[in-house]
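Report on the structure given below.
When a ligand or atom number is given, it counts from 1 through the structure's own listing order. Note that the numbering runs from 1 along the sequence shown for the chain.
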Amino acid sequence: MANDYWEKEVETLSRDKLRKIQLERLKKTLVNVYENVDFYRKKLDDAGVDPYNFSNLDDVEKIPFTTKDDLRESYPFGLFARSMDNVVRIHSSSGTTGNPVVVGYTKNDIAVWGNLIARQLFSVGVREKDIIQNSYGYGLFTGGLGLHYGAELLGSTVIPTSGGNTERQIKIMADYGSTVICCTPSYILYIAEVGKELGVDFSKLPLKMAILGAEPWTNEMRKEIEARLFIDAIDIYGLSEIIGPGVSLECLNKSGLHVAEDHFLVEVIDPQTGKILPPGKQGELVFTTLTKEAIPLLRYRTRDLSVLNIEKCSCGRTHGRMKKPMGRTDDMLIIRGINVFPSQIEEVLMKVKEIEPHYLIVVDRKNYLDTIELWVEVSEDVFSEKMNDLENFESSIEHKLFSTIGIKIDVRLKEPKTIQRSIGKAKRVLDRRKGETL
Ligand code: DLL
């Protein structure tokens, strides 16, 4: 079934043809931003890039990067290449500090986005008969509305539940027979937990798939989710700046997320030097939009870390795959000089059978020294069973963490349901060095 295509020709283009299309579209994008966005006219002039004579895709490295700060500094509409007469939708993503990033869409941008999502959902076997419970937040966040229109275009039935009200979500899932759910990986775990409390047997529900993203999650977490809900868990990636969800999606092989390369030019760069890295090397993802009209971005630095693979996939698709993003350059914790990613900790943790997939990494500085604690819940049974032996259990996890990551992390086992649950993006790190509080 998944060997059917929504747009076979585009999805299976040879790399050569794909590059030709990318070059044509990049040329148009360069002219669009040069003629309509002061910021880019200056940037391209300064870099000596002539948008009217751009003839080689490899010259992309001459184009300057765009950063989140550039977007924040041009708040709200400074990077728009179209007037408001042509912009039909606004979304924004709120950072914790500074101005939010604001993005706009023309009618065509919305149509392209919907088609992309439809193509991606189709690629994992979603069809007209499916009932999609869309539990991504509706509103300024791109998740809810972004998936909504693509799912409708595909012809599936969409239930726009948005996030939250978890008991109602479960009732709807059971009563309306949702076959697919879209939400964050942390929220589906919460749904599983509440469902269990309500006595729901997920193996008896029609639910068969979850489209999970908007935050990093490991393959170990995937196994946990699939086992608890008796479903396939598929990774979806995207960011507001580039379009929202729909930048890439895994196929059923679950071996990398296919980037919609006819709409986005993807590069992986060395975050320190800015140099392009070859496929197979880990670095920062950089995207250039190739068809966006309202707010096209050139070489946008995502800060997300991944690895590219441009080999043809056994699903038949030729669009390159990005490895599950393992985190962001700015998520990296530096603990007494050692670099640690939350995803490394999650990977080790999820292999320990007795613990629950709810954790928080607490970083602090005491007497000028960085400290790192891992708060993790254990199930009710384990908590009472191992009550006398918790210390030993903690040390055994500490040992596992040390042998994989090379740093001493103090494990604090917590009673069930003491770590905050999330309905959207989970907060996995509490960095008290930055003054963060619970
Ligand atoms: O999170 C868009 C989205 C909605 C993606 C629904 C998938 C599903 P932002 O709020 O702008 O947009 O956040 C974008 O979230 O740069 C990554 O750091 C992170 N992120 C998104 N998807 C994934 C994923 C949406 N599958 C930021 N794995 C990105 C890891 C992800 N990180």
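Outside the 6.0 Å centre-distance limit, the rings of Y359 and W375 are not counted as a close aromatic pair. You'll find the ring centres of H148 and Y138 inside the 6.0 Å limit.
The stretch residues 274-288 participates, sequence neighbours left out, in these side chain to side chain donor-acceptor pair (under 3.5 Å) pairs: E284-R301.
Across K324, K323, R222, a single residue satisfies salt bridge (charged side-chain N to carboxylate O under 4.0 Å, His left out) together with D235, and that is K324.
Within 4.0 Å of ligand 1, contacts by protein heavy atoms are made from S93, Y136, F141, T142, G143, G213, A214, E215, P216, D235, I236, Y237, G238, L239, S240, E241, P245, D304, P325, R328, K425.
Taken to the nearest 0.5 Å, the CD atom of Q133 stands 9.5 Å off from the OH atom of Y176.
R321 contributes a side-chain N or O that, together with a main-chain N or O of E311, makes up a donor-acceptor pair within less than 3.5 Å.
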